[in-house]
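All remarks here apply to the structure that follows.
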2 protein chains.
Amino acid sequence: MNFLSDNTYYIVIIIEYGDNLMDVRDLLKQKGLRITPQREAIYRLLAASKAHPTAEWVYQEVKNIFPSISFNTVYKTVQAFEESGLLQRFNTGANIYHYDANVRPHPHVICLSCGRVDDLDEFPDSLEDFISKASMSSPYLIKLVNLHFYGYCPQCGDSNPKIKS
Amino acid sequence: MNFLSDNTYYIVIIIEYGDNLMDVRDLLKQKGLRITPQREAIYRLLAASKAHPTAEWVYQEVKNIFPSISFNTVYKTVQAFEESGLLQRFNTGANIYHYDANVRPHPHVICLSCGRVDDLDEFPDSLEDFISKASMSSPYLIKLVNLHFYGYCPQCGDSNPKIKS
DNA sequence: CTGCCTGCAAAGATTTTGCACGCTC
DNA sequence: GAGCGTGCAAAATCTTTGCAGGCAG
């Protein structure tokens, strides 16, 4: 087992590969994107995260696996992923882009205090209905919808006396 | 009448003052904001516009009235207005802030091609209902909602053959 | 007269681009 | 071998801040 102790971080990759190696590589291939270790890692990180990461966050995380990776690679990769429909990009209002591997339209809740972004899973209806309803009442040809709720997350709400009212 | 021809731009101000001079000044006073000619002009521009202007747009427009005004003044003014609740600020996803003198929550439609932002007036229900519905299905204490539809405006939809499909 | 507002300028924060080398196909 | 992907670095774009002088209250 001593080869493991020399390259501990390889263990993580191997475990993840065991789960769904084919899925990620096939996904990239389907979209006509070249398969590189960096791209696999970036997609895995985004697919596994529920935190709606920023490019900077992805960069910091993927550096644990590829210490020599550059921000540019991360940036161009998520850009390529978004153009291929593998990611969704949005902006909560702080002028920072967030990425989401869940590309179906779905609502988000954003904390006004700490800025974290969560999904709003229990929202009554699908947002696809919204798009068609809105299309009928607008001269625009509507394609997408972005529904952001702003408030205070449990942590910030509990710790901030101003909010308790 | 020769004093008018020397300072033509004053005419505009006088006409606008005739309409609702008291309203703007009272509004600023109510919010504890100092009344200056620059601030009056900035608020009037924003209140009169339906185009959801950016800070840069306001700056360019107000320069027609006060040629020596600085971007900083515009920036700090809209910031003060937003903090006082006189304006709403939002981001359509292009990392540029837009301002709206209509501070009630209301949906927007954004053109994916040219970036223009319009109100979606005919939307069925008030967004206040949405906030309370969402509050019930989230651990967040929800305060605001931002509903953005993306599509193609009539001009871009008509002129772009890719969209006609 | 005190303090906020204005104007000039610079600093910050993110996003975006250029280019040479290396790896995927 | 051809072309896309990666890595290093710099440029661009907007937003935000610092500070001295001026005007509103």
Side-chain angles (χ1 to χ4, degrees), chain A residues 21 24-43 45 52-84 86-87 89-99 115 117, chain B residues 21 24-43 45 52-84 86-87 89-99 115 117:
Chain A
L21 171 61
V24 179
R25 296 173 67 89
D26 283 355
L27 211 50
L28 295 177
K29 197 176 291 182
Q30 271 178 30
K31 300 291 184 179
L33 297 168
R34 292 202 170 166
I35 299 161
T36 68
Q38 292 91 334
R39 292 186 159 200
E40 290 185 56
I42 290 170
Y43 185 80
L45 279 168
H52 309 82
T54 62
E56 181 63 28
W57 183 93
V58 175
Y59 173 54
Q60 295 301 334
E61 287 298 313
V62 78
K63 272 206 295 191
N64 296 329
I65 305 172
F66 299 100
S68 73
I69 201 171
S70 71
F71 177 81
N72 189 331
T73 298
V74 174
Y75 175 77
K76 287 198 173 167
T77 298
V78 294
Q79 182 177 274
F81 285 180
E82 193 209 353
E83 285 167 2
S84 300
L86 256 40
L87 297 178
R89 183 170 87 160
F90 61 89
N91 190 306
T92 62
N95 268 17
I96 302 174
Y97 286 136
H98 294 255
Y99 294 89
V117 181
Chain B
L21 170 60
V24 180
R25 297 173 67 89
D26 282 355
L27 211 49
L28 295 177
K29 196 176 291 184
Q30 269 177 30
K31 300 291 185 179
L33 296 168
R34 289 200 174 168
I35 298 161
T36 68
Q38 292 92 334
R39 294 188 157 198
E40 288 184 56
I42 291 171
Y43 186 80
L45 279 169
H52 308 82
T54 63
E56 183 62 30
W57 182 93
V58 174
Y59 173 51
Q60 295 301 333
E61 286 298 314
V62 78
K63 271 206 295 190
N64 295 329
I65 305 172
F66 299 99
S68 72
I69 200 170
S70 70
F71 177 80
N72 190 332
T73 298
V74 173
Y75 175 78
K76 287 197 172 168
T77 297
V78 294
Q79 181 177 272
F81 285 0
E82 193 208 353
E83 285 167 3
S84 299
L86 255 40
L87 297 178
R89 184 171 88 159
F90 62 89
N91 189 306
T92 63
N95 270 14
I96 301 173
Y97 287 134
H98 294 255
Y99 294 89
V117 180

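In the text below, chain A, chain B and the rest are named by the order of the sequence lines, each starting its count at 1. Computed from heavy atoms alone, side chains included, the values below leave out hydrogens, waters and symmetry copies.
- In this structure, CG of A/Leu33 is placed 12 Å from P of D/dC4, rounded to the nearest angstrom.
- A distance of 8.5 Å separates CG in A/Asn95 from CD1 in B/Ile96, rounded to the nearest 0.5 Å.
- Rounded to a whole Å, the NZ atom of A/Lys76 is 12 Å from the C1' atom of D/dA9.
- Taking the six-membered ring where tryptophan is involved, the planes of A/Phe90 and A/His98 are essentially parallel, since the angle between them stays under 30° and well short of 60°.
- Geometrically, B/Lys63 engages B/Tyr59 in a cation-pi contact, judged by NZ or CZ lying under 6.0 Å from the ring centre and within 45° of the ring axis.
- In this structure, the separation between OG on A/Ser84 and CD on A/Gln79 is 10.5 Å, given to the nearest 0.5 Å.
- Comparing A/Ser68 and A/Ala80 against DNA chain D, the residue whose closest nucleotide sits nearer the 5' end is A/Ala80.
- To the nearest angstrom, C1' of D/dT6 lies 15 Å from CD of A/Glu40.
- Between B/Tyr97 and B/Val78, the closest side-chain pair of non-hydrogen atoms is not below 4.5 Å.
- Distance A/Tyr97 OH to D/dT15 C1': 14 Å, rounded to the nearest Å.
- Where DNA chain C meets chain B (any atom under 4.0 Å from a heavy atom), the bounding nucleotides read 5' to 3' are C/dG3 to C/dT15.
- Rounded to whole Å, atom P of D/dT15 lies 13 Å from atom CZ of B/Phe90.
- The two residues B/Ile65 and B/Ala41 have their closest heavy-atom pair at CD1-CB, 4.3 Å.
- OP1 or OP2 of D/dT6 has at least one side-chain nitrogen or oxygen of A/Arg39 nearer than 4.0 Å.
- Sequence order on DNA chain C of the closest nucleotides to B/Thr77 and B/Asn95 puts B/Thr77 first from the 5' end.
- Atoms OH (B/Tyr75) and P (D/dG18) sit 12 Å apart, rounded to a whole Å.
- One N or O donor and one acceptor, one from the side chain of B/Asn72 and one from the base of D/dT17, sit under 3.5 Å apart.
- If you take NZ of A/Lys29 and C1' of D/dC4, they are 16 Å apart, rounded to a whole angstrom.
- Contact check for A/Val24 versus A/Ile35: no side-chain heavy atoms found under the 4.5 Å cut-off.
- Protein atom CD of B/Gln60 is 12 Å distant from nucleotide atom P of D/dC14, rounded to whole Å.
- Residue B/Thr73 is in base contact, counting any heavy-atom pair closer than 4.0 Å across all strands shown.
- In the set D/dG5, D/dC14, D/dG7, the nucleotide with an atom closest to the side chain of A/Gln38 is D/dG7.
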